[in-house]
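As the structure lists them, so they are numbered: ligands from 1, and atoms in each ligand from 1. Since this is a predicted model, take the numbers as computed values, not measurements.
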Amino acid sequence: MPSLAVSDPLSASPDLTDSKKIKKKSKKIESMDLDTENGHAIEELKSEKKKKKEKKKLDSSEDETEKSEKKSKKKKRKADDDDEDEETKELSDGSNLKKAKVVEDENPNSLSKFRISEAVKAKLKSKGIEALFPIQAMTFNLVHDGSDLVGRARTGQGKTLAFVLPLLESLTNGPFKASRKTGYGRTPSVLVLLPTRELAKQVHVDFEFYGGAVGLSACCVYGGASMRDQEHALKRGVDIIIGTPGRVKDLIERNSLDLKTLKFRVLDEADEMLNMGFVDDVEFILGKVEDVTKVQTLLFSATLPDWVKKISARFLKADKKTIDLVGNEKLKASASVRHLVLPCSHAARPQLIPDVIRCYSRGGRTIIFTETKESASQLSGLLPGARALHGDIAQAQREVILAGFRSGRFLVLVATNVAARGLDINDVQLIIQCEPPRDVEAYIHRSGRTGRAGNTGVAVLLYEPKFSRSIFRIEKESGVKFEHISAPQPADVAESAGSEAADAISSVSDSVIPVFRQQAEQLLSSSGISAVDLLAKALAKSAGYTDIKKRSILSSMENYVTVLLQSGKPFYTPTFAFSTMKRFLPVEKVEGVKNLSLTADGMGAVFDVPADDLSLFLEGQENADMVTVEVLKTLPPLQEKEQSNSRGRFGGGNRRGGGGGNRFSGGGRRGGFSSGGGRGGSRGGSRFGRRN
Ligand SMILES: Nc1ncnc2c1ncn2[C@@H]1O[C@H](COP(=O)(O)OP(=O)(O)OP(=O)(O)O)[C@@H](O)[C@H]1O
């Protein structure tokens, strides 16, 4: 709903008394929820005040009236002061506010330093935004003053408002104010192109929220939704169109979208347009504006591949400005995210992921990325309370799912790349990527769904232990320093779930005791174990555990234990290690070993043994001279393996200089792998109670 449009004339005039008065009153009108014309509403306010005063006079003695008037004057003054600008606040609210003002004034990016109208400022402040982020501060004046722009910043740094704000101000208070069309049937002044419907809708929400405050309307157009409704909205007239290239092109071709009055074109996530095959559509749309000098074009892109450079040269003015906050800096991914890698075989994912969520999500939202739509659906089916989001899900359903995730109705979203870009969802604490993505950009954008707007987050990248090489490419190209962790052990996770269960039990009312006591006594006497042990079992059950499994730290597989085999001599090849085992174990047990890797120093072999066979391995070593088998709690540095070329761009693996065999896996360079998150910060665990 557009709010009262008082800001347009007001913010144009620098002052002052009258405008302040109108502003104060209009705020009151807003709070009274009057949806009416400004002047009309002020009149209503005045007459209501008058009536109140008269009523008071009648109801009370003169003294009383005087008192109450003083009181209401005082109240009014306070309310007015609250609404007032900083100067007035200072006078009435004392030293703290003075300090706050000084701090605000010192911040070169505070809102007051920019030509942002009061109405938009109020909206920003209602969202807790008191100052512009660097990308916004650096681009605001350039855009406001008419430059074409290429902008680049890391994920979550506020690129959306970097174009929304100057563009709104430019249209309503800046250079385009006079020439902007208004009224029924007006053709749009702004066209924003985005690669996905979800992103388009998100940006649309921002335009509606902030643009509504200055009387601008926005319309979102994308495939999968009714063309007729969108055409109807365009016919009525709109100021800002936000859409995906395919639908925008269709609308132009049907003569439903007329770009003749366009003042701004924005290409957001331009490199993703390229990845998603929108090259022709984008070029068609940009080519529709014949006189480029009449339109201002802004382009935001995480990377600048050739095509993006080409369109920027072809469709932006020659004197365009470039603001690049990533540039040649090594770290391309978000710096507010802890980037973790965790070895995990494909089969172990469904058991491991709930525990990773318990350990790292801090009770907030988690997005899990898979490579295919099938695995997103499959995995979401295996994780209680999770929902899938991918391109095969109907648009309407996708919107319901995203809304549910945003509102916290469910906290785990399993998605394909469709959710990787741009999505801005509050309180996403954890990103899990089920395997190293095909390209580094995907890693940067996926991990960038957390740690946004100055918050911190965790991104966990799972990888098949035998294909560790792919993570080095990501590490190198993204500039991220991965922390190597091993899987949280079920016992640790269970222990923390137990303490939550204990809290829950303590909160149960005493009223249940008489009802359950008899059964408890019977259970205790028939169990043959102590009351404490029995209570421990009850706690476990209430936390969702009926047994505690072992988990490999090498592959995260449940019911496997990771061991180190040594024989006092180097193992030159895995075959040597297998031959050594065959000296003291039956062949079929040796064949049951999984994920064998040689240690970086070549003096040992690390592998997974089925939990049931562990004692055989530990006892067997006694019969083999010089041989030791040791259960590992942390992984030593391992030799890297060549990845078979199933994953295209990460295959081959000679990018790090070749010679693979003796390269350490990452943990080694940093002195071994740290242990899993264990119990750290585990909250909200009951969402994933084990169902054994
Ligand atoms: N100046 C600001 N102060 C506080 N929060 C802000 C500010 N600007 C933007 N935000 C918030 O930061 C979050 C991230 O902004 P936005 O989605 O625009 O980032 P982005 O750079 O486009 O990220 P991505 O590259 O992932 O698309 C949003 O929730 C937004 O409301």
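- Which parts of ligand 1 touch R449 is read off a 4.0 Å heavy-atom cut-off, strictly below it: atoms 24 (P), 26 (O).
- The minimum heavy-atom distance between K317 and Q296, with the atom names listed, is NZ-CA, 3.9 Å.
- In this structure, of R452, Q136, K127, K159, the residue bringing a heavy atom nearest to atom 17 (O) of ligand 1 is R452.
- Residue G158 has at least one N or O atom closer than 3.5 Å to an N or O atom of ligand 1.
- Taking each of D206, V164, D268, D424 in turn, the one with a heavy atom nearest to atom 30 (C) of ligand 1 proves to be D424.
- By the 6.0 Å and 45° rule, R197 does not stack over the aromatic ring of Y222.
- Here SG of C434 is found 5.5 Å from CG of L462. Values are rounded to the nearest 0.5 Å.
- Counting non-hydrogen atoms of neighbouring residues, nucleotides and ligands closer than 6.0 angstrom, the CG atom of N426 reaches no more than 12 such neighbours.
- Those atoms of ligand 1 with a heavy atom of L132 less than 4.0 angstrom away are 1 (N).
- Under the 30°/60° scheme for interplanar angles, the aromatic rings of F163 and F207 are found to be tilted.
- F482 and Y463 have their aromatic ring centers separated by at least 6.0 angstrom.
- Heavy atoms of A131 found under 4.0 angstrom from ligand 1 belong exclusively to the backbone.
- For the atom pair CG of L340 and CD1 of I485, the computed distance is 4.5 Å after rounding to the nearest 0.5 Å.
- Of the N or O atoms in L161, none lie within a sub-3.5 Å distance of an N or O in ligand 1.
- Each of the atoms 16 (P), 17 (O), 18 (O), 22 (O) of ligand 1 lies under 4.0 Å from some heavy atom of T160.
- In the vicinity of E269, heavy-atom distances shorter than 4.0 Å reach the ligand 1 atoms 27 (O).
- For the pair A453 and ligand 1, the shortest N or O to N or O distance does not fall below 3.5 Å.
- Residues forming a side chain to side chain contact (heavy atoms under 4.5 Å, CB included) with D229 (at least two apart in sequence, or on another chain): S226.
- Between Q157 and ligand 1, a contact under 3.5 Å exists for at least one N or O pair.
- Ligand 1 has no atom lying under 4.0 Å from any heavy atom of A153.
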